[in-house]
Protein chains: 2
Amino acid sequence: MHKSHGQRIGYLSRMSHRYFSEKLGAMGIGPGQTFILKSLYHEDGVHQESLVDNCQLHKANVARALAKLEENGLVKRESDLNDKRAKLIRLTPKAIEIKDDFFTAFRSWSEMLTQGFTDKEKELSFELLDRMAANVEPYYGDKNN
Amino acid sequence: MHKSHGQRIGYLSRMSHRYFSEKLGAMGIGPGQTFILKSLYHEDGVHQESLVDNCQLHKANVARALAKLEENGLVKRESDLNDKRAKLIRLTPKAIEIKDDFFTAFRSWSEMLTQGFTDKEKELSFELLDRMAANVEPYYGDKNN
DNA sequence: TTAATATAGTTGCGCAAGCAACCAAGAGAG
DNA sequence: CTCTCTTGGTTGCTTGCGCAACTATATTAA
């Protein structure tokens, strides 16, 4: 049977959860925390709100993911003294320690996806996904993710 | 920040849930039931097991999705007399009635994704997703989805 | 024929995600 | 200064999903 874009994307998304659970679960990272953590490795000490933007997740889920990361000792949340509503998120030494393992697992998923792709195809597959996401953003990007 | 294949795919998957909820919710179809229904429109009166294969979903979720579809009057489940363990799934007249609306909504999501794509790019985006899925299947396809 | 094994489907559990309602703190307008 | 409005974050509720354990029927082997 013909399978649609949507079906393929859903399948890949579900499989990625299984993959990340398997690879990162032992470090105390659930599949719902991967992108948040990745964003923090890229830029640490940010407001929770900027993680909402970066990861395009709902603020409720960012709150819960961070609670979990904190519980597992990967992140610290402290109030911003300049704005007592806001919280600053910082990676712990434990998180820094596992950074390499994290990225290894992270990259290996991309490599699994693009097995047998030429460099051109790898680039193109990424670009097309990016454009699909960009097509959707106007409809869903504004409100609250 | 550079966003990975994984992140884009996850985003698109989540947005598709929102889209389908919005478009199909009124007909009593949740985003988790779309692909099952689509498969049934393609081939009706099948075993639950073949939906598991077609939709690459876990059998537990197929069971629950069908329970919900039955609850909403879109599907009937009857025991197969030749194998009393198995159940045959059939669309109701109500499901047939909304078929066109269903496919309209369904296609409009694909069209949203591929806005501004050339025909070549549409085809290519589909093909690349297909190959990514095929790359993953050996690792996750066998067990039980 | 009976005992072991496999298979179709269901259920309990836990995680991820969106929505809506909420709280507390800041910002602006009178 | 106070009253309203906005904004960062949390919590309760619901849905989707995978895993593991379970029931009931089928199949196969002894």
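Letters A, B, ... mirror the listed sequences (proteins, then strands); counts begin at 1.
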Gap between atoms NZ and C1', on A:Lys87 and D:dT7 respectively (whole Å): 15 Å

Given C:dG18, D:dG18, D:dT10, the nucleotide with the shortest approach to the side chain of A:Ala63: D:dT10

Of the listed nucleotides D:dA26, D:dG9, C:dA17, the one nearest the side chain of B:Lys84: D:dA26

Residue whose nearest DNA chain C nucleotide is more 5′ - A:Gln33 or A:Ala60: A:Gln33

Integer-rounded Å distance: C:dC15 P and A:Asn72 CG: 10 Å

Nucleotide C:dA16, atom C1' - distance to CD of A:Glu71 in whole Å: 15 Å

hbond_proxy A:Arg64 side chain to D:dG12 base (donor-acceptor, 3.5 Å cutoff): yes

Donor-acceptor pair, side chain of A:Ser21 and main chain of A:Pro31, under 3.5 angstrom: no

Stepwise side chain to side chain contact (heavy atoms under 4.5 Å, CB included) check, B:Leu129 with A:His5: CA-CA 7 Å; B:Leu129 281 170; A:His5 284 84; 3.7 Å; yes

OP1 or OP2 of C:dA16 under 4.0 Å from side-chain N/O of A:Asn61: no

Rounded distance (Å) that lies between atom C1' of D:dG9 and atom CG of A:Leu88: 13 Å

Between D:dG9 (P) and A:Lys68 (NZ): distance, integer Å: 21 Å

Non-hydrogen side-chain atoms of B:Asn72 and B:Ile29 separated by less than 4.5 Å: no

Under 3.5 Å, sequence neighbours excluded: what are the donor-acceptor pairs made by side chains of residues 109-123 of chain A?
unit_1: A:Thr114; atom_1: OG1; unit_2: A:Ser110; atom_2: O; d: 2.9
unit_1: A:Thr118; atom_1: OG1; unit_2: A:Glu121; atom_2: N; d: 3.0
unit_1: A:Glu121; atom_1: OE1; unit_2: A:Thr118; atom_2: N; d: 2.9
unit_1: A:Glu121; atom_1: OE1; unit_2: B:Arg131; atom_2: NH2; d: 3.1
unit_1: A:Glu121; atom_1: OE2; unit_2: B:Arg131; atom_2: NH1; d: 3.0

Distance, rounded to the nearest Å, where B:Ile29 contributes CD1 and D:dT14 contributes P: 22 Å

Nearest-Å distance for atom pair NE2/C1', residues B:His58 and C:dG9: 11 Å

A:Tyr19 versus A:Ser108, side-chain donor and acceptor atoms under 3.5 Å: yes

Integer-rounded Å distance: D:dT15 C1' and B:Leu69 CG: 13 Å

Distance test, side-chain N/O of A:Arg18 to OP1/OP2 of D:dC19, below 4.0 Å: yes

Minimum-distance nucleotide (side-chain atoms of B:Pro31 versus D:dT15, D:dT25, C:dG26): D:dT15

Any donor-acceptor N/O pair under 3.5 Å between D:dG9 base and A:Lys59 side chain: yes

Proximity to DNA chain C (any heavy atom under 4.0 Å), residues of residues 73-82 of chain A only: none

Check: B:Gly30 main-chain N/O paired with B:Gln33 side-chain donor or acceptor under 3.5 Å: yes

A:Arg14 side-chain N/O to D:dG16 phosphate OP1/OP2 under 4.0 Å: no

Proximity of B:Phe20 and B:Phe106 rings by center, below 6.0 Å: yes

Sugar-phosphate, base or nothing in reach of A:Asp83, heavy atoms under 4.0 Å: sugar-phosphate

Under 3.5 Å, which donor-acceptor pairs do the side chains of residues 79-87 of chain B form with other protein atoms, sequence neighbours left out?
unit_1: B:Asp80; atom_1: OD1; unit_2: B:Asn82; atom_2: N; d: 2.8
unit_1: B:Asp80; atom_1: OD2; unit_2: B:His47; atom_2: NE2; d: 2.7
unit_1: B:Asp83; atom_1: OD1; unit_2: B:Arg85; atom_2: N; d: 3.1
unit_1: B:Asp83; atom_1: OD1; unit_2: B:Arg85; atom_2: NE; d: 3.1
unit_1: B:Asp83; atom_1: OD2; unit_2: B:Arg85; atom_2: NH2; d: 2.9

